[in-house]
Amino acid sequence: MNQKSFAFLLASILSLAVLLNAAWAASAEEELKKLETDRAAAVVKGDVATLEKQTSDDYTLINMNGQMSDKSQMVNAFKTGQSKLTSDELSDMKVRVYGNTAVITGKADVNGTLGGKDATGQIMFARVYVKKGGQWQSVAFQQTRFSNP
């Protein structure tokens, strides 16, 4: 194989790798957006099994009232009814994937209670996912209440 043929082959392989990586990233973004939307639906339904499955054991939550909790506290709040949302409509989601880690930011229009306190209104959120054993799991979630002027 001459030098020109080798250079062409190498350039073709690198181009293919870039295209495959871009396709994988787009696929991961869509998968994560769906996961986040499914998670919001699970919260409204009170589907604790889905929340447990999608949440890492080392999870940390900082809610809109500045309260910090771990996975067991978050799950227990939904089991006992201390946290209950009747709606959780997501919008403006942006996903950034960094290998096996992803960050989702967005907005949500919520109605209900979190941690026993009124949560009705609009929030901005950031959630961190890590891919473990081939599955994305939430490891951190932070939300901040805001209002449009």
Side-chain angles (χ1 to χ4, degrees), residues 10-149:
L10 184 59
S12 297
I13 291 171
L14 289 174
S15 296
L16 181 60
V18 167
L19 289 172
L20 288 174
N21 189 40
W24 177 84
S27 173
E29 286 178 21
E30 290 307 311
E31 178 184 2
L32 285 156
K33 281 182 180 180
K34 182 178 181 337
L35 187 64
E36 191 67 21
T37 302
D38 290 350
R39 186 178 181 94
V43 166
V44 172
K45 292 177 192 169
D47 181 356
V48 175
T50 295
L51 294 177
E52 286 178 327
K53 178 183 172 190
Q54 294 181 353
T55 305
S56 177
D57 289 340
D58 60 351
Y59 175 80
T60 301
L61 160 71
I62 302 171
N63 72 21
M64 68 180 72
N65 299 312
Q67 298 166 316
M68 187 179 293
S69 59
D70 61 20
K71 177 181 180 176
S72 64
Q73 292 167 320
M74 180 271 297
V75 168
N76 190 52
F78 282 102
K79 281 182 181 176
T80 63
Q82 187 178 20
S83 290
K84 173 64 180 144
L85 295 183
T86 56
S87 69
D88 188 1
E89 298 296 321
L90 306 180
S91 63
D92 298 334
M93 283 194 289
K94 292 180 180 57
V95 179
R96 294 182 310 281
V97 179
Y98 306 99
N100 286 337
T101 304
V103 177
I104 298 180
T105 56
K107 296 178 184 175
D109 200 355
V110 298
N111 195 348
T113 59
L114 291 173
K117 295 185 179 179
D118 181 40
T120 300
Q122 296 177 314
I123 64 166
M124 297 177 79
F125 68 88
R127 185 181 305 276
V128 179
Y129 282 98
V130 173
K131 198 166 202 177
K132 298 178 180 186
Q135 299 293 319
W136 291 103
Q137 286 192 313
S138 177
V139 295
F141 185 61
Q142 191 277 325
Q143 52 190 200
T144 303
R145 188 184 308 259
F146 78 98
S147 60
N148 286 328

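Between the side chains of Tyr129 and Glu36, at least one donor-acceptor pair of N or O atoms lies under 3.5 Å.
The CD atom of Gln82 sits 10.0 Å away from the NZ atom of Lys117 when rounded to the nearest 0.5 Å. Rounded to the nearest 0.5 Å, atoms OG (Ser72) and NZ (Lys79) are 9.5 Å apart. Atom-to-atom distance recorded for Lys45:NZ and Phe78:CZ is 14.0 Å, nearest 0.5 angstrom. Expressed to the nearest 0.5 Å, how far CG of Leu114 lies from CD1 of Ile123 amounts to 7.5 Å. Summarising the geometry, atom CE belonging to Met74 is positioned 12.0 Å from atom CG belonging to Asn63; distances are rounded to the nearest 0.5 Å. Here the OG1-CZ distance, from Thr101 to Arg96, works out to 12.5 Å after rounding to the nearest 0.5 Å.
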Audit row: Gln73, Tyr59, side chain to side chain contact (heavy atoms under 4.5 Å, CB included) steps and yes/no: CA-CA 10 Å; Gln73 292 167 320; Tyr59 175 80; over 6 Å; no
Side chain to side chain contact (heavy atoms under 4.5 Å, CB included) between Glu29 and Val97, worked out: CA-CA 7 Å; Glu29 286 178 21; Val97 179; 4.2 Å; yes
Trace of the side chain to side chain contact (heavy atoms under 4.5 Å, CB included) decision for Leu51 with Arg39: CA-CA 7 Å; Leu51 294 177; Arg39 186 178 181 94; 3.9 Å; yes
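Ser83 places a side-chain N or O within 3.5 Å of a backbone atom of Gly115 that can act as its donor or acceptor partner. In this structure a side-chain-to-backbone donor-acceptor pair under 3.5 Å is present from Thr86 to Asn111. A distance-only check finds no donor-acceptor pair linking the side chain of Lys33 to the backbone of Lys94 [under 3.5 Å]. Glu30 contributes no side-chain N or O that, together with a main-chain N or O of Ser27, makes up a donor-acceptor pair within less than 3.5 Å. Listed for the Arg145 side chain is a donor-acceptor partner under 3.5 Å among the backbone atoms of Thr120. Asn65 contributes no side-chain N or O that, together with a main-chain N or O of Gln67, makes up a donor-acceptor pair within less than 3.5 Å. Checking side-chain atoms of Gln137 against main-chain N and O of Lys53 turns up a donor-acceptor pair under 3.5 Å.
Listed here is the closest heavy atom pair of Leu32 and Ala102: CD1-CB, 3.4 Å.
A side chain to side chain donor-acceptor pair (under 3.5 Å) with Lys71 is found for exactly one of Thr60, Asp57, Asp58, namely Asp57. Val110 pairs in a side chain to side chain contact (heavy atoms under 4.5 Å, CB included) with only one of the listed residues (Asp88, Val44, Leu90), which is Asp88.
Contact annotation: the side chain of Lys107 approaches that of Ser91 to within less than 4.5 Å [non-hydrogen atoms, C-beta and beyond].
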